[in-house]
Asker: 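Here it is: the structure, laid out below.
Computed from a prediction, not measured in an experiment: that's the story for all the values here. Excluded from the calculations below are hydrogen atoms, water molecules and symmetry mates; all remaining heavy atoms, backbone and side chain alike, are included.
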Amino acid sequence: MLDVRDVHVHLAERLVLAGVQFQIEAGEFVGLIGPNGAGKTTLLKTILGLVTPDLGQVLVDNRPIRRGNPAIGYVPQKVHLDPDTPLRGRDFVALGLDGVRWGVPLPRRSRRERVERALGSVQALTYADAPVGRLSGGELQRLQIAQALVGEPRLLLVDEPLSNLDIRNAHEVVRLLHELARSRGMAILLVAHDLNPLLSALDKVVYLARGRSMAGRTDEVMTSESLSRLYGYPVEVMRTRGRIVVVGGPDMHLVPPEAADHAGLGEWEATTP
């Protein structure tokens, strides 16, 4: 469904992506993991057709990418809404249909049915008529996913959906996306800086570091040998209490969780001094 072939991207004379390549099949749930500055956002923009690669190619459903491709759904990282926004949940979801159409709108009945299906697929019908500005972070995240689904895409890109959620809601969103990939046969690429909430659900991992990529099953990618090769310096991958911790750099020290969070890396990621 998604085929990224040896993609190179320069931005402001800096090489951001250097030969990134991986594939995602229909029905697969894949995590795009890596520290800040690794190129995750640039890669998403390239898949969306917003950035043109200098070398390489991106195919979606065996076709070259183009801007505004209806086969791709996109869930942005953050949506800022005023608490007094006069918009119901179902109206927010319907924007996923109206925002990309020209000319005569969909017939009212068809439009309503598609919105209802999207709301039902993310279990959001109970608050579909509530003002969006008054919803919790987890509820709004579900509506954002429904908004991307209402256009019935075959590939869904989800940018950092867990960054502002508590542990319970984060695991609920992961479970929901995993089920959507399976039930709809849809390819899903989820961007995250913390791999651990995704461990039980992912089919594959695409790890970005220094603009380069490594893709495969979690147990293939998340090894000391693999990440040392990707980073270009010694890295140790440890598994403790069901979590993955990456330690790297000359002193092989582990960054405290609060420092890692401040750096935007997550508990499992380490940096050089």
Side-chain angles (χ1 to χ4, degrees), residues 32 36 40-42 44-45 47-51 67-181 184 186 188-194 197-198 261 264:
L32 176 60
N36 285 353
K40 301 189 297 295
T41 298
T42 300
L44 281 192
K45 289 181 177 179
I47 297 170
L48 288 167
L50 302 177
V51 171
R67 189 168 182 166
N69 188 345
I72 305 176
Y74 172 61
V75 181
Q77 181 175 358
K78 294 179 181 178
V79 173
H80 298 287
L81 297 171
D82 189 278
D84 297 322
T85 301
L87 193 68
R88 300 178 303 166
R90 66 178 69 254
D91 300 324
F92 178 80
V93 172
L95 293 174
L97 288 173
D98 302 336
V100 296
R101 294 185 63 84
W102 292 89
V104 180
L106 286 171
R108 179 170 296 182
R109 180 176 178 180
S110 174
R111 181 178 182 274
R112 184 172 61 248
E113 289 175 349
R114 289 175 69 170
V115 170
E116 291 297 309
R117 284 200 301 271
L119 286 165
S121 68
V122 299
Q123 294 92 55
L125 287 169
T126 55
Y127 47 86
D129 292 311
V132 290
R134 305 296 177 88
L135 297 177
S136 69
E139 291 169 338
L140 183 58
Q141 186 66 69
R142 287 174 182 265
L143 290 183
Q144 286 184 249
I145 296 170
Q147 187 185 81
L149 292 176
V150 74
E152 300 179 353
R154 299 191 60 199
L155 169 67
L156 184 64
L157 308 179
V158 191
D159 190 5
E160 295 278 8
L162 314 181
S163 59
N164 297 312
L165 301 180
D166 59 30
I167 294 176
R168 183 181 67 83
N169 277 308
H171 282 285
E172 281 295 305
V173 168
V174 170
R175 180 190 59 79
L176 170 64
L177 290 170
H178 180 260
E179 290 179 355
L180 286 171
R184 294 189 172 214
M186 179 171 54
I188 297 181
L189 180 63
L190 184 151
V191 178
H193 65 268
D194 186 358
L198 309 172
D261 288 341

Asker: If I take atom CG from residue Asn69 and atom CG from residue Leu155, how far apart are they, to the nearest 0.5 angstrom?
Answerer: 8.5 Å

Asker: For the pair Ile47 and Leu189, evaluate side chain to side chain contact (heavy atoms under 4.5 Å, CB included) and give the outcome as yes or no after the intermediate values.
Answerer: CA-CA 11 Å; Ile47 297 170; Leu189 180 63; 4.0 Å; yes

Asker: Under the side chain to side chain contact (heavy atoms under 4.5 Å, CB included) test against Val191, which residue among Asp159, Leu162, Thr41 passes?
Answerer: Asp159

Asker: Which heavy atom in Gln77 sits nearest to a heavy atom in Ser163, and how many Å separate them?
Answerer: NE2-OG, 3.9 Å

Asker: Can you confirm whether Leu87 sits close enough to Leu81 that some side-chain heavy atom of one is under 4.5 Å from a side-chain heavy atom of the other?
Answerer: no

Asker: If you take all heavy atoms of Arg90 and Asp129, which pair is closest and at what distance?
Answerer: NE-OD1, 2.8 Å

Asker: Could you state the interatomic distance from NE2 (His193) to CG (Leu32), rounded to the nearest 0.5 Å?
Answerer: 13.0 Å

Asker: Is there a side-chain contact between Leu95 and Asp91 (heavy atoms, below 4.5 Å)?
Answerer: no

Asker: Check Pro131 against Thr85 and note the closest heavy-atom contact, atom names and distance.
Answerer: CB-O, 4.4 Å

Asker: Would you say that Tyr74 contacts Val158 through its side chain, given a criterion of any heavy-atom pair below 4.5 Å between the two side chains?
Answerer: no

Asker: Considering only heavy atoms from C-beta outward, does the side chain of Ile72 approach that of Leu157 to under 4.5 Å?
Answerer: yes

Asker: Looking at Ala118 and Val93, what are the two nearest heavy atoms and their distance?
Answerer: CB-CG1, 4.2 Å

Asker: Look at the side chain of Arg88 and the backbone N and O of Ala130, then say whether any donor-acceptor pair between them is shorter than 3.5 Å.
Answerer: no

Asker: When you check the gap from the basic side-chain N to the acidic O, do Arg175 and Glu179 get nearer than 4.0 Å?
Answerer: yes

Asker: Is the side chain of Glu139 donor-acceptor paired with the backbone N or O of Ser136 at a distance under 3.5 Å, no angle test?
Answerer: yes

Asker: Would you call Arg117-Glu152 a salt bridge at under 4.0 Å N-O?
Answerer: yes

Asker: Looking at CG of Leu180 and CE of Met186, how far apart are the two atoms once the value is rounded to the nearest 0.5 Å?
Answerer: 5.0 Å

Asker: Considering only heavy atoms from C-beta outward, does the side chain of Val75 approach that of Pro161 to under 4.5 Å?
Answerer: no

Asker: Please give me the minimum heavy-atom distance between Ser121 and Leu176, naming the atom from each residue.
Answerer: O-CD1, 3.4 Å

Asker: Would you indicate whether the side-chain heavy atoms of Glu160 and Leu190 approach each other to under 4.5 Å?
Answerer: no

Asker: Before accepting this row, confirm whether a basic side-chain N of the pair Arg168/Glu172 lies closer than 4.0 Å to the acidic partner's carboxylate O.
Answerer: no

Asker: Can you check side chain to side chain contact (heavy atoms under 4.5 Å, CB included) on Leu44 and Val51, steps first, answer last?
Answerer: CA-CA 9 Å; Leu44 281 192; Val51 171; over 6 Å; no

Asker: Using side-chain heavy atoms (C-beta onward) and a distance below 4.5 Å, is Leu135 in contact with Arg142?
Answerer: no

Asker: Apply salt bridge (Lys or Arg N to Asp or Glu O under 4.0 Å) to residues Arg134 and Asp84 and explain how you reach the verdict.
Answerer: CA-CA 8 Å; Arg134 305 296 177 88; Asp84 297 322; 2.9 Å; yes

Asker: Hey, is the main chain of Pro76 close enough, under 3.5 Å, to the side chain of Gln144 for a donor-acceptor pair?
Answerer: yes

Asker: For a 4.5 angstrom cut-off between non-hydrogen side-chain atoms, does Gln141 reach Ile145?
Answerer: yes

Asker: Write down the atom of Ala146, the atom of Val122, and the distance for their closest heavy-atom approach.
Answerer: CB-CG2, 3.8 Å

